[in-house]
Amino acid sequence: MDKRPFYLTTTLPYVNADPHIGFALEVVQADIIARLKRLEEFDVFFNTGTDEHGLKIYKKAQEEGIDVQKYVDKYAKKFDNLKKALNLSYDAFIRTTDEHHLSATKEFWNRCLKNGDIYKKNYKVKYCVGCELEKTDSELVNNKCHEHPNRELEIIEEENYFFRFSKYQNALLDLYEENPDFVTPDFRFNEIKSFVKNGLMDFSISRLKKKMPWGAPVPGDENQVMFVWFDALINYISTLGWPEDKEKFEKFWPGIQFAGKDNLRQQSAMWQAMLLSAGLPTTKRIMIHGFILTESGEKISKSAGNTGRITDPFYYFNEYGTDAVRYYLIRHIHPFEDTNFSPEKFKEGYNAGLANGLGNLVSRVVKMCVNYDVSVKVDELKNIWETNSDSELKKYKSYFEKFEFNKALDLIWNKIGEMDKKITDTQPFKLIKTDEKKAKEIISELVFDLYKIAKLLEPVMPETAQKIQKIIEDKKMPEPLFLRKE
RNA sequence: CGCGGGGUGGAGAAGUAGUAUCUCGUCGGGCUCAUAACCCGGAGACAUCGGUGCAAUUCCGAUCCCCGCAACCA
């Protein structure tokens, strides 16, 4: 029997800054689902990559005085480095500057055009002479540039292509109606529903090439390039070989998309309308995560000046290791809500859950097992992922289905707590002197449960899961898994 | 009256019309298999003010405060 296909993708981070912890959250969430589905014998395709077009990148490269292509190459590498640091299992790392992606955007554009959804219109740009920059309404204070409040804004008109978003209002509402799980969590789904209900405005999907050459070419118009939105969203299908590779595309699309709350509109409304326009199936499901904020609840951003080491996933990787970062992101960062974060909180969570919790439990159980030479029977657990009878596993998986990562891990950590308590209550280390048989029985049960924990942790902390299994199979006292940090 | 989300012990999360739960931290005790780890126990909370109810943290209203979004910030 052919394996059932399963496709999932993250958003593509924009390469105008180094990778930060917020994207690490998204990609780790997706990675855990990808690994889980592989264990469940799905044929998984997991996509991530980088978004490399647009004015910001163009300007940034100019500022640094380097060729734009070299600039994006450098950043793409930085993001791809997360693969090792976070032990990511993605199958594709797409870059929106890839040849194939560019040809896919062309086909996509043409389909929307054919369908009558792309038209030319005058676009009024508010331009601040002080900044020498175009300004959007949300950047303005009292209709003035906040950095140059004494200057009037100039209105510049240029001709751009627009996408007939407004046409898709009812189709989108129907889509939401027919797919009650379309967006997780519910409150985000409600947000987008009411946004669409309130009416949609067509949006601009191109820019004048002479002002901003760094974009995907618009087919049939030398003077325009695609606005980065339009081009970037198409990656979710171009990565599957669309439009040429029909077989692969039809096998995997539609899939599940992970995105941050700032992307709700783009992913669950704009992109869906684009797909409808191009005559393609809409996304299956969208998971919207919250933001990681600073300890005092501020947004992490360059302009706020609070990026740097504390938001750098590589810093935590170097200090604590891959699985510790995965653990913290998944257990202590809320899957849907914003969460305050700091290096101190990370350390606390690490010490409590990994050093004192899991790591210490492994040491105490294995020590008894080795010292008293207890026989180990764990064979029945080896194929646990292929069975469907284990109620604990079922519950665990059901949390992941709902993207409630934190609750899934709470389940495991409750089990760890119960095992610690069982050791204290039954005292096998004492019992061994008076009733060896009974003591060994208890220890054998503990080893069994520990091995089960290791199996359950496979999608979440793959390295640690393997290590624990090997320790038990080899019956050798290990080095501590997670040393306590002071 | 632009739309929406929310305020639960020091921190983070659950939850319900009827003893308010869990995790971390903290304090006291215990244990020694273990990474000063682990176990037990204590202290500590439902933003404010009204209303309905036998009973409100939960339902309703008002107030205060936080936070998103407000259209092309990728």
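Below, chains carry the letters A, B, ... as their sequence lines are ordered, and counting in each starts from 1.
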- request: Classify the nucleic acid contact of A/Gly359 as base, sugar-phosphate or nothing, counting any heavy atom under 4.0 Å across all strands shown.
  value: base
- request: Determine the contact category for A/Leu200: base if any of its heavy atoms lies under 4.0 Å from a base atom, sugar-phosphate if only primed atoms, P, OP1 or OP2 are that close, otherwise nothing.
  value: base
message: Under 4.0 Å, counting only non-hydrogen atoms across every strand here, what does A/Gly290 touch: a base, just sugar-phosphate, or nothing?
response: nothing
task: Give one of base, sugar-phosphate or nothing for A/Lys430, where a contact means two heavy atoms less than 4.0 Å apart.
output: sugar-phosphate
query: When the nearest nucleotide of RNA chain B is assigned to A/Asp425 and to A/Phe187 on a heavy-atom basis, which residue is associated with the more 5' position?
result: A/Phe187
- prompt: Does NZ or CZ of A/Arg188 come closer than 6.0 Å to the centre of the six-membered ring of A/Phe336, within 45° of the ring's axis?
  reply: no
- request: Using a heavy-atom cut-off of under 4.0 Å over every strand shown, decide if A/Asp51 touches base, sugar-phosphate, or nothing.
  value: base
- prompt: So what does A/His334 touch, heavy atoms closer than 4.0 Å: a base, only the sugar-phosphate, or nothing?
  reply: sugar-phosphate
- prompt: Atom CD1 of A/Ile333 to atom P of B/A11: distance rounded to whole Å?
  reply: 17 Å
query: Starting at CD1 of A/Ile423 and ending at P of B/C31, how long is that distance when rounded to a whole Å?
result: 18 Å
message: With rounding to the closest Å, how many angstrom separate the P atoms on B/G25 and B/G12?
response: 16 Å
- line: In whole angstroms, the gap separating C1' of B/G4 from CZ of A/Phe195 amounts to 13 Å
message: For B/G12, give the paired nucleotide (Watson-Crick: N1-N3 plus N6-O4 or O6-N4; G-U: N1-O2 and O6-N3; both under 3.5 Å), or none.
response: B/C22
- request: Could you check whether A/Leu481 gets within reach of a base, just the sugar-phosphate, or nothing at all, counting any heavy atom under 4.0 Å?
  value: base
query: Relative to the ring of A/Trp271, is the ring of A/Phe108 parallel (under 30°), tilted (30 to 60°) or perpendicular (over 60°)?
result: parallel
field: Separation of the P atoms in B/A20 and B/C27, to the nearest angstrom
entry: 26 Å
- prompt: Aromatic rings A/Phe23 and A/Phe79: how do their planes relate, parallel, tilted or perpendicular, breaks at 30° and 60°?
  reply: perpendicular
task: Using the C1' atom as the reference point in each nucleotide, state the distance between B/U52 and B/A62 in Å, no decimals.
output: 15 Å
field: Atom-pair distance (CE on A/Met274; P on B/A71), nearest Å
entry: 20 Å
- prompt: A/Leu264 CG to B/C73 P: how many Å, rounded?
  reply: 17 Å
message: So that I can tick it off, tell me whether A/Glu473 and A/Lys470 are bridged by a salt bridge, with the cut-off set at under 4.0 angstrom between side-chain N and carboxylate O.
response: no
field: N-glycosidic conformation, B/G53 - syn within 90 degrees of 0, else anti
entry: syn
message: Looking at A/Lys261 and A/Glu191, is there a salt bridge between them, counting it only when a charged N and a carboxylate O are closer than 4.0 Å?
response: no
query: Distance between the C1' atoms of B/A14 and B/C24, in whole angstroms?
result: 15 Å
- request: Grab the CG-C1' distance between A/Asp186 and B/G5 for me, whole Å please.
  value: 13 Å
query: Do any N or O atoms from the side chain of A/Tyr350 and from the backbone of A/Leu483 form a donor-acceptor pair under 3.5 angstrom?
result: yes
- prompt: A/Trp109 vs A/Phe230 aromatic rings, parallel, tilted or perpendicular, using cut-offs 30° and 60°?
  reply: perpendicular
Paired nucleotide for B/C38 [Watson-Crick or G-U wobble; both distances under 3.5 Å]: B/G30
field: Between B/C40 and B/U57 - C1' atom distance, rounded Å
entry: 30 Å
field: Touch class at under 4.0 angstrom, heavy-atom based, for A/Tyr14 against every strand present
entry: sugar-phosphate
- prompt: Looking across every strand, which nucleic acid part, if any, lies under 4.0 Å from A/Gln267 by heavy atom: base, sugar-phosphate, or nothing?
  reply: base
message: Can you confirm if the NZ or CZ of A/Lys78 lies within 45° of the ring axis of A/Tyr75 and under 6.0 Å from the centre of its six-membered ring?
response: yes
message: Looking at B/C40, I'd like to know if its phosphate oxygens (OP1 or OP2) sit under 4.0 Å from a side-chain N or O belonging to A/Lys421.
response: yes
message: Nearest to the side chain of A/Arg265, heavy atoms from C-beta on, is which of B/A71, B/C31, B/A37?
response: B/A71
Within residues 361-372 of chain A, residues whose heavy atoms come under 4.0 Å of RNA chain B: A/Ser363, A/Arg364, A/Lys367, A/Met368
query: What is the nucleic acid contact for A/Lys261, judged by heavy atoms within less than 4.0 Å: base, sugar-phosphate only, or nothing?
result: nothing
query: Who does B/U48 pair with, Watson-Crick or G-U, both distances under 3.5 Å?
result: B/A62
- request: Write down the distance between CZ (A/Phe230) and P (B/A71), rounded to a whole number of angstrom.
  value: 22 Å
query: Any sub-3.5 Å donor-acceptor pair from A/Tyr58's side-chain atoms to A/Val68's backbone N or O?
result: no
field: Interatomic distance, A/His53 NE2 vs B/C73 C1' [rounded to whole Å]
entry: 19 Å
message: Suppose we define a pair by two distances each less than 3.5 Å, Watson-Crick or G-U wobble; what does B/G68 pair with here?
response: B/C3
- request: Using atom types as modelled and distance alone, determine if a side-chain donor or acceptor of A/Glu463 lies under 3.5 Å from a backbone N or O of A/Thr322.
  value: no
Using a cutoff of under 3.5 Å, can you pull out all pairs of nitrogen or oxygen atoms linking the protein to nucleotides 22-28 of chain B, with atom names and distances?
from: B/C24; atom 1: O2'; to: A/Glu348; atom 2: OE1; distance (Å): 3.4

query: In whole Å, what separates the C1' atom of B/A43 from that of B/G50?
result: 33 Å
task: Determine if A/Phe203 stacks with B/C72; use a centre-to-centre distance below 5.5 Å and an interplanar angle below 30° as the criteria.
output: no
- prompt: Relative to A/Tyr161, does A/Lys121 satisfy both conditions: NZ or CZ under 6.0 angstrom from the six-membered ring centre, and within 45 degrees of the ring's axis?
  reply: no
- request: Give a yes/no verdict on a cation-pi contact between A/Lys120 and A/Phe162, requiring under 6.0 Å between NZ or CZ and the six-membered ring centre and an angle within 45° of the axis.
  value: no
- line: Assert: residue with more 5' nearest nucleotide on RNA chain B, out of A/Gln427 and A/Asp420, is A/Gln427
message: Is the ring pair A/Tyr176/A/Phe189 parallel, tilted or perpendicular, if the boundaries are 30 and 60 degrees?
response: perpendicular
message: What's the gap between B/A11 and B/G51 when it is taken at their C1' atoms, as a whole Å value?
response: 34 Å
message: Using atom P in both nucleotides, what's the gap between B/C22 and B/C59 to the nearest angstrom?
response: 23 Å
